[in-house]
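Here it is, the structure in full.
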2 protein chains.
Amino acid sequence: MNKSQDALVLLRQIIRSTDMQEKEISRSTGLTLPQLMTMQTLRLSAPITTGELAKEISLTQATVTSILDRLEKKELIQRERGTDDKRKVWISLTPQGVELMKGAPTTQQDLFTRRFDDIQSWEQSMVVSALERVAFMLDAQHLDAAPMLDIGQIDRPDSQE
Amino acid sequence: MNKSQDALVLLRQIIRSTDMQEKEISRSTGLTLPQLMTMQTLRLSAPITTGELAKEISLTQATVTSILDRLEKKELIQRERGTDDKRKVWISLTPQGVELMKGAPTTQQDLFTRRFDDIQSWEQSMVVSALERVAFMLDAQHLDAAPMLDIGQIDRPDSQE
DNA sequence: AGGAATACTTAGTATACTAAAACATTAGCA
DNA sequence: TGCTAATGTTTTAGTATACTAAGTATTCCT
C-alpha cells in the first residue's frame, strides 16, 4: 500500500549502486572521491575556472586549489591563465586525463544502455517520463547534469528544461 | 530520439541532487561522508557486526574500526561484544545517534513523499515500476537488503525505524 | 584611487586509508 | 583432548588527503 516507501527503497538501491560503482572507479584510477568528482565535472564542463568548479562541486576554492594541485602533479589537468581576465584560471583535462576518464566509468552505463535499448519503445518513454517525475519530486531538475558517462560529446548546452 | 541518453541525464540529476543533499547533511551534522554512510547503514541494519558493516559500505575493517572510534567518542554509536560468538562486536546507534539521524535527512525525502502522494495512483505505480526497471538495468537489485522481485510488483515491508 | 573579484598560499587539524601485525575466540581435526 | 587454522576485531605506524581560516597577490571595474 505504501508506494512512496517502495519508491524510496528503489531510489536508495539505485543511488547505492552508483555509489559503489564510483568507489570502484576510484579504486581503479587511484583517485579519491573529491578528485574523481573534479575530473568528472571537468569532463563535462571544461574549460572552467577554479571558482566555478568549486561552486559546481560544492567545495571551497582553497580546497579545490589543493585538489587541482594534486591532479596537476599527476598531469591529469592543466591550468591556463585567462587572457581577457587575467585573474581567472581555466582548468581543463590533459590528454592523459581524458584517457583516464575514458577507460573506467563505462561498464555500468553500458549495461544500462544495452538493457534500456532492449525494452520496447513505449516502455522507454515510460521510464524517461517517470524519471522526470522523480527528478521533479526531488527538486533535482534545476541542477544541470549532462550525461555522466558517454565521452564523445563535450559541447555543453545549458539548455536544461 | 536518444531516449537512453535522456534517461541517463535524468538519473544523473537525481543522483547529483541526493549527493548535494548528503553534503548538506554532512555539514549540518558535522559528520564526514564515510561517517554519514556508516550512520545511515546503521539506521537500516543495526545491530550489525563490524565486519558486516565494512562489507556493506565497501571499506576495510581497519578503516571502519577507526570510523567507529570517532562515532563512539561522539556517543553516536555503541559497541557490544557478542555473547554467543565473543569475537563479534555488534554495533548500534545510541539514542543520540538515532536522534541525529532523525533530524537531518528527512527534508528531501519528505518533499518527495509529499509530492509522490499528490500524484494519482496509477502514476505512482508507473513510477515504482519504472524505478524497478532502472534498478535492474543498473544491476542494483542485488544490493541492499531490499528484495527485488519480478518487475510488476514488489512487496516490501521494510521496518524503516 | 579604491573596492571587489579571483586564485593562490600558508599553517594547522582531522580524517581516511593502507599494510602489517597483535589479539582473542572459535572451529576443525587427528 | 590438544594442536592448528580460521575468523573477527582491533592496534600500530605511517601517509596522503581534505578541509578550515586567515591572509596575500593580482587584476578588474567604476
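Letters A, B, ... mirror the listed sequences (proteins, then strands); counts begin at 1. No hydrogens, no waters, no symmetry mates; every other heavy atom, side chains included, goes into these values.
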* To do: Would you mind reading off the distance between I67(B) atom CD1 and dC17(C) atom C1', rounded to a whole angstrom?
  =>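 Interatomic distance, CD1 of I67(B) to C1' of dC17(C): 9 Å.
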* Report the distance from atom CD1 of I57(B) to atom C1' of dA16(C), rounded to the nearest whole Å. =>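 Rounded to whole Å, this separation is 12 Å.
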* Straight-line distance of L8(B) CG to M137(B) CE, nearest 0.5 Å ->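 These two atoms lie 9.5 Å from each other.
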With 3.5 Å as the limit, what N/O pairs link the protein to nucleotides 22-25 of chain D?
none

* Asked: What pair of heavy atoms forms the shortest contact from K3(A) to S125(B), and how long is it?
  ->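 Smallest heavy-atom distance, with atoms named: NZ-OG, 3.0 Å.
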* T32(A) near the nucleic acid: base, sugar-phosphate alone, or nothing, with a heavy-atom cut-off under 4.0 Å? ->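 Answer is sugar-phosphate: T32(A) comes under 4.0 Å of backbone atoms only.
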* Nearest listed nucleotide, side chain of R87(B), among dT26(C), dC19(D), dT9(D) ->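 The nucleotide sitting nearest to the side chain is dT26(C).
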* To do: Using whole Å, report how far CG of L36(B) lies from P of dT15(C).
  =>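 Answer to the nearest Å: 14 Å.
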* To do: Treat each ILVMFWY residue as a node, draw an edge where side-chain heavy atoms are under 4.5 Å apart, and state whether L42(A) and W90(A) are in one component.
  =>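 No, separate clusters.
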* Asked: Which residues, if any, of residues 68-83 of chain A bring a heavy atom under 4.0 Å of DNA chain C?
  ->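 Within this stretch, R79(A) sit under 4.0 Å of the strand.
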* Think Q61(B) has a side-chain N or O under 4.0 angstrom from the OP1 or OP2 of dG8(D)? ->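 Result: no.
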* To do: I would like to know whether T63(B) and T60(B) meet side-chain hydrogen bond (donor to acceptor under 3.5 Å, both in side chains); could you show each step before the answer?
  => CA-CA 5 Å; T63(B) 297; T60(B) 64; 2.9 Å; yes
* **Comparing D84(A) and Q35(A) on DNA chain D - which has the more 5′ nearest nucleotide** =>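 By nearest-heavy-atom nucleotide position, the 5'-most residue is Q35(A).
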* To do: Would you mind reading off the bend of the helix from dA1(C)-dT30(D) to dA30(C)-dT1(D) from its two end axes, five pairs each, to 10 degrees?
  =>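 Rounded value for the end-axis angle: 20°.
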* Which is it for L111(A) and R115(A) under the side-chain contact (heavy atoms from CB on, under 4.5 Å) test, yes or no, and what are the steps along the way? -> CA-CA 6 Å; L111(A) 185 63; R115(A) 287 176 167 170; 3.8 Å; yes
* Asked: Does CD in E123(B) sit with more than 12 non-hydrogen atoms of other residues, nucleotides or ligands closer than 6.0 Å?
  ->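 Enclosed.
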* Going by number, which of residues 47-54 of chain A have a non-hydrogen atom under 4.0 Å from DNA chain D? ->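 Close to the strand, none.
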* Between T65(A) and dC8(C), is there a side-chain N or O to OP1/OP2 distance below 4.0 Å? ->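 Yes, such a contact exists.
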* Asked: Taking CH2 from W90(B) and P from dT10(D), how many angstroms apart are they, rounded to a whole number?
  ->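 Rounding to the nearest Å, CH2 of W90(B) and P of dT10(D) are 13 Å apart.
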* To do: Specify the closest pair of heavy atoms between L138(A) and S17(B), including all atoms of both residues, with the distance to one decimal.
  =>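 So the two residues come closest at O-OG, 3.5 Å.
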* Asked: Could you give the NZ-to-C1' distance, from K86(A) to dA5(C), as a whole number of Å?
  ->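 Roughly 16 Å, once rounded to whole Å.
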* Please step through side-chain contact (heavy atoms from CB on, under 4.5 Å) for the pair K88(B) and E52(B), ending with a clear verdict. => CA-CA 10 Å; K88(B) 296 186 177 176; E52(B) 280 304 310; over 6 Å; no
* Would you say dA19(C) has OP1 or OP2 under 4.0 Å from some side-chain N or O of T60(B)? ->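 Negative; the distance criterion is not met.
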* Kindly give the heavy-atom pair with the smallest separation between S129(B) and M126(A), and that separation in Å. =>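 Residues S129(B) and M126(A), closest heavy atoms: OG-CE, 3.7 Å.
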* Among Ile, Leu, Val, Met, Phe, Trp and Tyr joined by side-chain contacts under 4.5 Å, find the other residues sharing a cluster with I15(B) and list them by chain and number. =>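 For the cluster that includes I15(B), the remaining residues are I15(A).
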* Asked: Hey, are the side chains of S4(A) and R114(B) touching, using non-hydrogen atoms and a 4.5 Å cut-off?
  ->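 Not touching, per the 4.5 Å side-chain cut-off.
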* Separation of dA19(C) P from R27(A) CZ (nearest whole Å) ->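 Roughly 12 Å, once rounded to whole Å.
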* To do: Would you name the heavy atoms of K74(B) and G30(B) that are closest together and state the gap between them?
  =>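 Looking at all heavy atoms of both residues, the shortest contact is NZ-O, 3.5 Å.
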* Would I91(A) and T38(A) count as a side-chain contact (heavy atoms from CB on, under 4.5 Å) if you check the C-alpha gap in whole Å, the side-chain angles of each, and the deciding distance to 0.1 Å? -> CA-CA 10 Å; I91(A) 317 293; T38(A) 302; over 6 Å; no
* Interatomic distance, L59(B) CG vs dT10(D) C1' [rounded to whole Å] ->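 Checked: the CG to C1' distance equals 16 Å.
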* Length of the line joining I91(A):CD1 and dA7(C):P, which is rounded to integer Å ->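 I91(A) atom CD1 is separated from dA7(C) atom P by 8 Å.
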* **Partner residues of E80(A) under the salt bridge (charged side-chain N to carboxylate O under 4.0 Å, His left out) criterion, sequence neighbours left out** =>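 Result, salt bridge (charged side-chain N to carboxylate O under 4.0 Å, His left out) vs E80(A): none returned.
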* DNA chain D: S66(B) or D85(A), which has the more 5' nearest nucleotide? ->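 Its nucleotide being nearer the 5' end, the pick is S66(B).
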* To do: Start with the C-alpha gap between F116(A) and V134(B), add the side-chain angles, then the distance that decides, and say whether side-chain contact (heavy atoms from CB on, under 4.5 Å) holds.
  => CA-CA 8 Å; F116(A) 188 91; V134(B) 171; over 6 Å; no
